[in-house]
Each structure stands twice: as structure tokens, then as C-alpha cells.
Amino acid sequence: MNYWLIKSEPFKWSWDQQVKKKTTAWDGVRNHQAAANLRAMKKGDRCFFYHSNEGKEIVGIVEIVKEFYPDPSDETGKFVVVDVKAVEKLPRPVMLTEMKQTKTLANMALLRQSRLSVCPVSPEEWAAINRLSGL
DNA sequence: GCCAACGTTGGC
DNA sequence: GCCAACGTTGGC
């Protein structure tokens with residue numbers, strides 16, 4: 001199983017909305033590197049759900065329930081979506097500042113490339129963040 | 001509100 | 001194909 005992190009501005013789409021709707025298409029990705037990550041996702045993979053701008057923290061975990069297919073909101077037909085389902089809320093959100101202070105996480109794609117909205121997470125990073133959150 | 005880091009567009 | 005100008009994201 002692979003691990004990922006997906007970002008959303010809570011004003012546009014928040015964790016609470018994700019929980020309420022349960023399963024949704026993760027649409028609107030218009031960056032090729034982020035899209036490549038979406039294409040690499042497999043059913044059953046887990047993703048951290050990160051609130052950008054407002055919050056700047058990981059709040060929950062979602063699971064990939066459907067692998068990539070064309071983004072209905074993209075007229076060019078180049079970009080894709082995956083379906084994600086809310087799995088669990090972190091016992092305690094993990095803030096960006098905490099991640100920056102954690103040595104194991106220094107090389108995280110999230111920290112190195114702040115603009116990338118879909119990033120890979122290594123198993124070590126996944127475990128370290130779970131530890132920070134109290135899971 | 002500012003700015004760094006990118007990505008994209010368009011003139012040449 | 002290069003590069004300047006511009007737009008966007010997201011942290012601070």
C-alpha cells in the first residue's frame with residue numbers, strides 16, 4: 001500500500017464536508033505533477049487530508065476507493081480524479097510547524113514543494129505523523 | 001498584504 | 001526553442 005497527502009482549502013472543501021459526504025471525486029487538480037500522483041494511486045491506498053491556508057494542518061485520513069478516471073470538470077480531458085472516502089479523523093491535528101520541526105519529515109514532498117497539492121508520503125513519514133497525532 | 005516558487009502564455 | 005511577463009498557490 002502507498003501513502004499520499006492531498007491538500008484542500010477548507011473554504012472550498014473541508015474535512016467536515018468530506019465526512020458528511022463520505023465518498024467524493026477529488027476533482028480540480030490542474031497540475032501535471034499532482035495529476036501524475038493521482039494516476040499512481042491504487043485502490044486501498046491511504047491519504048492524509050491537509051487543510052491549506054486556513055489551518056495548515058493534517059486533519060484526517062481518506063482512502064482511495066476508485067482509481068483514476070477523467071475529471072468531468074476538465075474540458076481538455078487531460079486531467080484525472082480519484083474517488084476518496086473519509087476513514088478517520090486524527091485524534092489531534094498535526095500542524096505544518098510541527099512537521100517542520102520533526103527530523104524524519106525534513107524531506108517530505110509537502111515541505112519541499114509547498115505548491116504541490118497531491119504529494120507522496122513515505123511509510124516512515126506516515127508512521128511519524130501518526131505518532132505526532134497520537135494514533 | 002507580501003513574496004517565493006512555480007507554471008503558463010505569447011512574442012520573437 | 002528561449003525567455004519575459006503574468007497568474008496562481010500557499011506560507012508567513
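Quick note on labels: first sequence line is chain A, next is B, and so on, each numbered from 1.
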Visitor: Taking atom types as modelled, find out whether A/E125 and A/T104 have a side-chain donor-acceptor pair closer than 3.5 angstrom.
Guide: no
Visitor: Where along residues 29-40 of chain A does a heavy atom come under 4.0 Å from DNA chain C, residue by residue in number order?
Guide: none
Visitor: Going by atom types alone, do A/W4 and A/D45 pair a side-chain donor with an acceptor below 3.5 Å?
Guide: yes
Visitor: Please check this pair: side chain of A/E67 against backbone of A/K43, looking for a donor-acceptor N/O pair closer than 3.5 Å.
Guide: yes
Visitor: Is the distance from the ring center of A/W26 to that of A/F49 below 6.0 Å?
Guide: yes
Visitor: Below 4.0 angstrom, N of the basic side chain to O of the carboxylate: do A/E54 and A/K12 qualify?
Guide: no
Visitor: I want to check something: taking the side chain as every heavy atom from C-beta on, are A/N107 and A/R112 in contact at a cut-off of under 4.5 Å?
Guide: yes
Visitor: Is the closest basic N to carboxylate O distance between A/E63 and A/K85 below 4.0 Å?
Guide: no
Visitor: For nucleotides 9-12 of chain C, list the nitrogen or oxygen atoms of the protein found under 3.5 Å from its nitrogen or oxygen atoms, one pair per line.
Guide:
residue : atom : partner : partner atom : Å
C/dG11  : OP1  : A/Y50   : OH           : 2.9
C/dG11  : OP2  : A/N53   : N            : 3.0
C/dC12  : OP1  : A/K100  : NZ           : 2.2

